[in-house]
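Input: a single structure, listed below in structure tokens.
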Amino acid sequence: MALPGNCRQNQRSRSTRAVARAAAGTALTGPEATAKTFIARAPGARYLHIAAHGSLDQAAPSFQCLYLNPPDGGTEGRLFAHEVLTMDLRGVELVTLSACESALGRFDLVDEVRGLTAAFLIAGADAVVGCLWPVRVPVATHFFSALYQAMSHEGDARSAFRHSQKSTREAFPQYRDWGTFAYSGAWRPIAERVPKWTS
């Protein structure tokens with residue numbers, strides 16, 4: 001499932017549809033791409049991709065958020081890290097966040113990482129790919145399309161990440177473009193992992 005946020009809507013919607021095609025998934029755009037829809041439909045998905053504006057509050061990383069479309073023409077369309085923590089995302093192999101600062105977080109008083117990436121991992125996702133700084137839409141489209149195409153061949157998020165990072169570096173050689181993407185989470189292929197506990 002892929003969702004665009006409300007920033008540069010038309011460009012992000014085209015990008016989201018391109019990534020959804022590469023992942024053989026469904027793109028939710030326009031009024032459908034709300035935080036409420038995401039929370040309802042994300043559990044049970046194999047891959048989740050969100051293209052949106054993101055922001056990090058250094059003082060309160062649980063309020064790091066993605067700006068999705070507001071429901072019913074309202075003004076509140078944010079998906080917060082603390083909301084992600086309430087979800088059951090076991091079975092989600094990969095979450096990709098095409099959003100400014102989505103790979104950032106902050107350590108709390110007991111050295112636990114907090115923020116969106118940590119929230120998705122704690123909620124049960126195997127791996128998360130996010131951005132360390134703002135990324136241009138054409139770069140993000142290239143990177144995430146290459147990532148999901150590689151996932152269909154490799155089946156391993158870490159190897160697919162490396163492949164798409166190299167492909168993006170060839171197409172966009174400036175570090176500000178290809179260097180923004182960060183991988184967190186499972187470092188072993190799924191076939192080599194110990195089965196997860198179930199409740």
Side-chain angles (χ1 to χ4, degrees), residues 1-5 10-30 32-33 37-52 54 66 68 79 84 87-99 102-103 116-117 119-132 135-173 177-196 198:
M1 175 173 59
L3 287 91
N10 291 335
Q11 198 175 19
R12 287 197 191 274
S13 292
R14 286 192 301 274
S15 174
T16 300
R17 285 190 290 274
V19 173
R21 280 192 302 276
T26 303
L28 299 177
T29 60
E32 286 186 306
T37 301
F38 176 79
I39 290 168
R41 294 186 60 175
R46 183 176 180 190
Y47 305 129
L48 299 171
H49 175 75
I50 300 176
L66 299 168
L68 302 178
L79 174 66
V84 174
M87 301 171 68
D88 182 0
L89 298 179
R90 289 175 290 181
V92 175
E93 292 178 25
L94 181 63
V95 176
T96 51
L97 304 173
S98 179
S102 56
L116 283 168
T117 297
F120 278 106
L121 293 171
I122 292 168
D126 286 338
V128 179
V129 175
C131 301
L132 297 169
V135 61
R136 295 182 300 130
V137 173
V139 178
T141 303
H142 178 93
F143 177 87
F144 289 113
S145 294
L147 178 72
Y148 282 110
Q149 287 168 357
M151 283 289 289
S152 68
H153 300 301
E154 313 248 352
D156 171 30
R158 189 184 55 157
S159 297
F161 175 83
R162 182 69 184 130
H163 168 81
S164 60
Q165 191 175 47
K166 287 169 67 176
S167 172
T168 304
R169 186 176 184 175
E170 290 170 8
F172 302 92
D177 290 327
W178 66 267
T180 187
F181 304 102
Y183 178 93
S184 301
W187 55 272
R188 288 187 292 173
I190 292 173
E192 296 177 16
R193 287 186 226 148
V194 176
K196 289 186 174 184
T198 58

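Side chains included, hydrogens not; waters and symmetry mates left out as well; all remaining heavy atoms used. Numbering of residues begins at 1 and proceeds along the displayed sequence.
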How close do [X] and [Y] get, counting heavy atoms only, and between which atoms?
X    : Y    : result
L147 : T96  : CD2-CG2, 3.5 Å
L89  : A42  : CD2-CB, 4.0 Å
H163 : A146 : CD2-O, 4.1 Å
L132 : A103 : CD2-CB, 3.8 Å
S164 : F143 : OG-CE1, 3.3 Å
A33  : L68  : O-CB, 3.5 Å

Legend entry - Side-chain heavy atoms of T168 within contact of D177, under 4.5 Å: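 No, every pair of side-chain atoms sits at 4.5 Å or beyond.
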Legend entry - Check: L116 and V95 side chains under 4.5 Å, non-hydrogen atoms: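 A side-chain contact under 4.5 Å is absent here.
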Inset, instruction - Taking ring-ring contact (aromatic ring centres under 6.0 Å, His included) as the test, write out the residues that go with H142, two or more places apart. - result: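 Residues passing ring-ring contact (aromatic ring centres under 6.0 Å, His included) with H142: F172.
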Legend entry - Residues in ring-ring contact (aromatic ring centres under 6.0 Å, His included) contact with Y148, at least two apart in sequence or another chain: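 Counting only residues at least two positions away or on another chain, Y148 forms a ring-ring contact (aromatic ring centres under 6.0 Å, His included) with Y47.
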In Å and rounded to the nearest 0.5 Å, what is the [atom1] to [atom2] distance from [X] to [Y]?
X    : Y    : atom1 : atom2 : result
I50  : F38  : CD1   : CZ    : 4.0 Å
C131 : F144 : SG    : CZ    : 4.5 Å
M87  : F120 : CE    : CZ    : 6.5 Å

Once side chain to side chain donor-acceptor pair (under 3.5 Å) is applied, do any residues pair with [X], and if so which ones, sequence neighbours excluded?
X    : answer
Q165 : R162
R169 : none
S152 : none

Legend entry - side-chain contact (heavy atoms from CB on, under 4.5 Å) partners for S184, two or more places apart: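 Checked S184 against side-chain contact (heavy atoms from CB on, under 4.5 Å); matches are T117, L121.
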Inset, instruction - Would you mind telling me which of T141, V135, V139 makes a side-chain contact (heavy atoms from CB on, under 4.5 Å) with V137? - result: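 Result: among T141, V135, V139, T141 is the only option passing the side-chain contact (heavy atoms from CB on, under 4.5 Å) with V137.
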Do side-chain atoms of [X] reach the backbone of [Y] as a donor and acceptor pair under 3.5 angstrom?
X    : Y    : result
S98  : A140 : no
S159 : D156 : no
T37  : E32  : yes

Inset, instruction - Report the relative orientation of the aromatic rings in Y183 and F161; use parallel for angles under 30°, tilted for 30 to 60°, perpendicular for over 60°. - result: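 Y183 and F161: tilted rings.
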